[in-house]
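Quick note: numbers below take in every heavy atom, side chains included, and nothing from hydrogens, waters or symmetry partners.
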Amino acid sequence: MKGKLFIIEGGDGSGKATQTKLLAEHLKNDGYPVMAVSYPDYDSDSSALVKMYLRGDFGRDADAVNPYAASAFFAVDRFASYQMKWKAFYDQGGIVIADRYTTSNMLYQMIKIDDADLRKNYLDWLEDFEFRKMGLPEPDAVFLLDVPLAVTQGLMADRVGKTGGETGDIHEKNGQFLAKCHAAYDELAHRYEWKRIACAEGGQLRTIEAIHDDVYRRVLETGIQPVHQ
């Protein structure tokens, strides 16, 4: 019996790791078989090309590597993780919660493509490449931690202020880059019917607990039922 694959997606500072952890713990406490994974899988040898790409070995600008080549780096990492860490669990009916997945690949690579038709062609190709050619499972639901652009810009400014300089990898740029990411998230959420989780209210981030409550409720709405003791 095939399991369920739920993705926690969102921009930098949206709380993906925290919400993945809380969701997995809540489901386990309710008696569900659950495994949490995160991408890229930096602890695995399979992420070698991803690490090289993100630290700029192939060019200091993300555009130095075309979307198809960069996507292949990340896809191979996901394939190795799936085959070696969670395929058997998933095939036996387990619930897998992923912090990022093909969904992040879509975002960061599609923004390199300005033409709408070419962008659609890329997304069509990536779906076919990962979900059909490579045999990776398609998500049962993607939960987008939806943080308004202005709030995200504030979070990133705080991060730079704390470190005193540039942070992160070649995908972390300026405000224009963040704006492109937010627009792309809107496009992807519409195309794939992602489930938006409002993470801010009145220009301020909601509490971690309130966001988690919404995520958990939306997970239950996908069809899994509360466990009866």
To the nearest 0.5 Å, tell me how far [X] [atom1] sits from [Y] [atom2].
X: Leu145; Y: Lys195; atom1: CG; atom2: NZ; result: 14.0 Å
X: Thr103; Y: Leu144; atom1: OG1; atom2: CG; result: 9.0 Å
X: Gln83; Y: Ser81; atom1: CD; atom2: OG; result: 10.0 Å

Between the side chains of [X] and [Y], is a donor N or O closer than 3.5 angstrom to an acceptor N or O?
X: Ser104; Y: Tyr39; answer: no
X: Glu130; Y: Thr102; answer: yes
X: Tyr185; Y: Glu9; answer: yes
X: Tyr122; Y: Glu127; answer: no
X: Arg78; Y: Asn105; answer: yes
X: Asp41; Y: Ser47; answer: no

Just wondering, do [Y] and [X] contact through their side chains at under 4.5 Å, heavy atoms?
X: Phe143; Y: Ile7; value: no
X: Leu27; Y: Ile95; value: yes
X: Leu220; Y: Arg217; value: no
X: Phe89; Y: Pro33; value: yes
X: Trp86; Y: Val37; value: yes
X: Ile224; Y: Lys4; value: yes
X: Asp146; Y: Ile197; value: no
X: Asp12; Y: Thr152; value: no

### Task
Would you please indicate if the ring centroids of Tyr68 and Trp125 are separated by under 6.0 Å?
yes
### Message
Ring centres under 6.0 Å, that's the criterion: do Phe73 and Phe58 meet it?
### Response
yes
### Query
What do the steps show when you test Lys180 against Lys112 for side-chain contact (heavy atoms from CB on, under 4.5 Å), and what is the final call?
CA-CA 10 Å; Lys180 288 180 69 173; Lys112 297 178 180 179; over 6 Å; no
### Message
Would you say that more than 12 heavy atoms from the other residues, nucleotides or ligands in this model lie under 6.0 Å from the CG of Asp45, or not?
### Response
no
### Query
Can you check salt bridge (Lys or Arg N to Asp or Glu O under 4.0 Å) on Asp91 and Lys2, steps first, answer last?
CA-CA 5 Å; Asp91 286 344; Lys2 188 180 75 169; over 6 Å; no
#### Entry: Expected output: side-chain Asp140 to main-chain Leu5 donor-acceptor under 3.5 Å
yes
### Query
Donor-acceptor pair, Asn29 side chain versus Glu25 backbone, under 3.5 Å?
yes
Salt-bridge criterion met for [X] and [Y] (N-O under 4.0 Å):
X: Asp124; Y: Arg191; value: yes
X: Glu221; Y: Arg218; value: yes
X: Lys120; Y: Asp117; value: no

### Query
In terms of the angle between their ring planes, are His26 and Tyr216 parallel, tilted or perpendicular, with boundaries placed at 30° and 60°?
parallel
### Query
Taking the inter-plane angle between the rings of Phe131 and Tyr101 on a 0 to 90° scale, is it parallel (under 30°), tilted (30 to 60°) or perpendicular (over 60°)?
parallel
State, to 0.1 Å, how close [X] and [Y] come at their nearest heavy-atom pair, and which atoms those are.
X: Ile211; Y: Arg206; result: CD1-O, 3.9 Å
X: Cys181; Y: Ile111; result: SG-CD1, 4.1 Å
X: Gln109; Y: Ala70; result: OE1-CB, 3.4 Å

### Task
Apply side-chain contact (heavy atoms from CB on, under 4.5 Å) to the pair Tyr42 and Leu54, showing each step before the final yes or no.
CA-CA 11 Å; Tyr42 289 120; Leu54 290 177; 3.2 Å; yes
#### Entry: side chain to side chain donor-acceptor pair (under 3.5 Å) partners of Lys16, counting only residues at least two apart
none
### Task
Identify, with sequence neighbours excluded, every residue that meets salt bridge (Lys or Arg N to Asp or Glu O under 4.0 Å) alongside Asp186.
Arg196
### Task
Apply the test side-chain contact (heavy atoms from CB on, under 4.5 Å) to residues Val96 and Phe6: give CA-CA distance (whole Å), side-chain angles for both, the deciding distance (0.1 Å), then the verdict.
CA-CA 6 Å; Val96 177; Phe6 298 128; over 6 Å; no
